[in-house]
2 protein chains.
Amino acid sequence: MSVPPDTAASEVKQEGVAIPEQLADRIGFLVAKSHAVCHAMANEALSPLDLHIKEYAVLNVLHGMGAMSQQALGETLGVDRTTMVAVMDALERKRLVERSRNPVDRRAYALAITDDGVDVLRRARRLLTAAERKLLAPLSSAEADQLRDLLRRLILGR
Amino acid sequence: MSVPPDTAASEVKQEGVAIPEQLADRIGFLVAKSHAVCHAMANEALSPLDLHIKEYAVLNVLHGMGAMSQQALGETLGVDRTTMVAVMDALERKRLVERSRNPVDRRAYALAITDDGVDVLRRARRLLTAAERKLLAPLSSAEADQLRDLLRRLILGR
DNA sequence: TATTGTTATACTCTATAACTATA
DNA sequence: TATAGTTATAGAGTATAACAATA
């Protein structure tokens with residue numbers, strides 16, 4: 001039987017990420033690897049703020065869309081309402097978000113970002129923008145724009 | 001306090017995937033959404049073969065690179081060796097791979113894809129190619145190639 | 001002493017079911 | 001009767017630590 005081949009011969013490595021050449025042409029594999037890289041990058045960038053990328057997304061949506069319920073927030077971010085509970089608990093504990101009742105429907109919250117939350121959001125944006133710039137360094141500005149455009153169209157279906 | 005706004009106004013929806021516009025320009029968010037779509041698509045496409053996308057990756061690498069150890073396979077795919085055990089157990093149970101000892105180093109296996117494995121791999125490739133074509137339908141052929149190129153360069157760092 | 005494969009264990013992430021308070 | 005939020009619980013998925021066999 002054959003011996004394990006030298007993997008270096010059939011991979012391209014850099015920054016700890018390897019792509020088996022048999023999978024290098026599959027969009028799914030490339031997207032999965034990209035996701036791993038982006039996710040790690042984002043959480044590392046936000047670590048000085050003691051903020052997770054999912055919490056950043058919450059602050060972002062709350063700041064941009066205004067007060068809303070946990071249910072609506074979960075739907076917007078694509079996570080279950082039961083999953084939102086712990087996320088909001090953490091953000092409330094850090095005083096970045098406030099839960100008050102929606103007076104029109106007292107079952108639901110009117111979630112709102114606090115002044116501290118807005119401040120952290122601003123800092124997070126700067127950190128993420130810098131990290132994204134580093135991540136996108138291998139691409140020109142036009143190519144980065146095109147990548148965003150292609151991914152958007154891939155997701156939306158046309 | 002304000003009432004939850006109409007979410008439809010500030011999202012773009014299709015095929016169940018929504019993109020909050022505050023995050024629509026972040027590469028990380030677009031990549032994460034793309035990954036979710038691709039992963040679901042791939043596993044759905046492979047379901048007739050009772051094969052998971054991770055098992056497909058194993059068959060692909062084993063077929064393309066020849067016999068290798070579980071350790072090396074795990075490194076190639078970016079998963080821990082302890083995680084490989086269950087994956088290989090499942091593939092061996094389905095008779096798609098064989099574990100024989102590497103005579104040069106009897107601690108390690110010489111993992112090999114079986115004839116059945118090659119057959120399943122071929123069918124899986126056809127299913128995935130068809131699914132990928134559907135997924136990439138909103139893009140022209142040249143754009144799909146460019147997307148692959150941009151993602152590869154993003155991962156590799158230049 | 002180090003490494004391969006294995007197991008037990010734990011940790012993360014997420015969803016389902018059932019409860020409460022409101023509607 | 002239905003919905004928002006909560007809790008308990010369970011299921012993936014993955015990683016760490018420790019062990020046996022081999023180097």
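Residue numbers start from 1 in every chain, and the chains themselves are labelled A, B, ... in the order their sequence lines are given, proteins ahead of strands.
The CG-C1' distance, from Leu77(A) to dA15(C), rounds to 16 Å in whole Å. Put simply, CZ on Arg101(B) is 17 Å from P on dT3(C), counting in whole angstrom units. Rounded to whole Å, atom C1' of dT20(C) lies 16 Å from atom CD of Gln71(A). Look at CG on Asp80(A): it is 12 Å from P on dG5(D), rounded to the nearest Å. The distance from atom NE2 of His39(B) to atom C1' of dT14(C) is 14 Å, rounded to the nearest whole Å.
The stretch residues 44-54 of chain B has no heavy atom under 4.0 angstrom from DNA chain C at all. Near-neighbour residues of DNA chain C inside residues 81-96 of chain B, defined by a heavy atom below 4.0 Å, number-ordered: Arg81(B), Thr82(B), Val85(B).
Considering only residues two or more places apart in sequence or on other chains, Thr83(B) meets the side chain to side chain donor-acceptor pair (under 3.5 Å) condition with none of them. Take Gln146(B) and apply the side-chain contact (heavy atoms from CB on, under 4.5 Å) test, not counting sequence neighbours, and it matches Gln146(A), Leu150(A), Leu150(B). For Glu98(A), the side chain to side chain donor-acceptor pair (under 3.5 Å) test picks out no residue, with sequence neighbours left out. With sequence neighbours excluded, the residues that form a side-chain contact (heavy atoms from CB on, under 4.5 Å) with Thr82(B) are Asp80(B). The ring pair (Phe, Tyr, Trp, His ring centres under 6.0 Å) test applied to His39(B) returns His35(B), not counting sequence neighbours.
DNA chain D is contacted by both Gly78(B) and Gln70(A); Gln70(A) maps to the nucleotide lying nearer its 5′ end (nearest heavy atom per residue).
Within the structure, salt bridge (charged side-chain N to carboxylate O under 4.0 Å, His left out) pairs that include any residue of residues 109-123 of chain B comprise Asp119(B)-Arg123(B) (at least two apart or interchain). Applying the salt bridge (charged side-chain N to carboxylate O under 4.0 Å, His left out) test to every pair with at least one member in residues 137-149 of chain A, sequence neighbours left out, gives these pairs: Glu132(A)-Arg148(A), Glu143(A)-Arg153(B), Asp145(A)-Arg148(A), Asp149(A)-Arg153(A). Each salt bridge (charged side-chain N to carboxylate O under 4.0 Å, His left out) pair with one or both residues in residues 49-72 of chain B, not counting sequence neighbours, appears once here: Glu55(B)-Lys94(B).
Tyr109(B) has no side-chain polar atom (N or O) that falls below the 4.0 Å cut-off from OP1 or OP2 of dT22(D).
Checking Arg26(A) against Thr129(B) by side-chain atom types alone, a donor-acceptor pair falls below 3.5 Å.
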Please produce a list of atom pairs where a protein N or O lies less than 3.5 Å from an N or O of nucleotides 21-23 of chain C.
{"residue": "dA23(C)", "atom": "OP1", "partner": "Arg106(A)", "partner atom": "N", "Å": "2.8"}

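Other residues, nucleotides and ligands contribute at most 12 non-hydrogen atoms within 6.0 Å of the CZ atom of Arg106(B).
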Cut-off 3.5 Å, no hydrogens considered: what does the side-chain donor-acceptor table look like for residues 41-49 of chain A, sequence neighbours left out?
{"residue": "Asn43(A)", "atom": "OD1", "partner": "Ile53(A)", "partner atom": "N", "Å": "3.0"}
{"residue": "Ser47(A)", "atom": "OG", "partner": "Glu44(A)", "partner atom": "O", "Å": "2.7"}

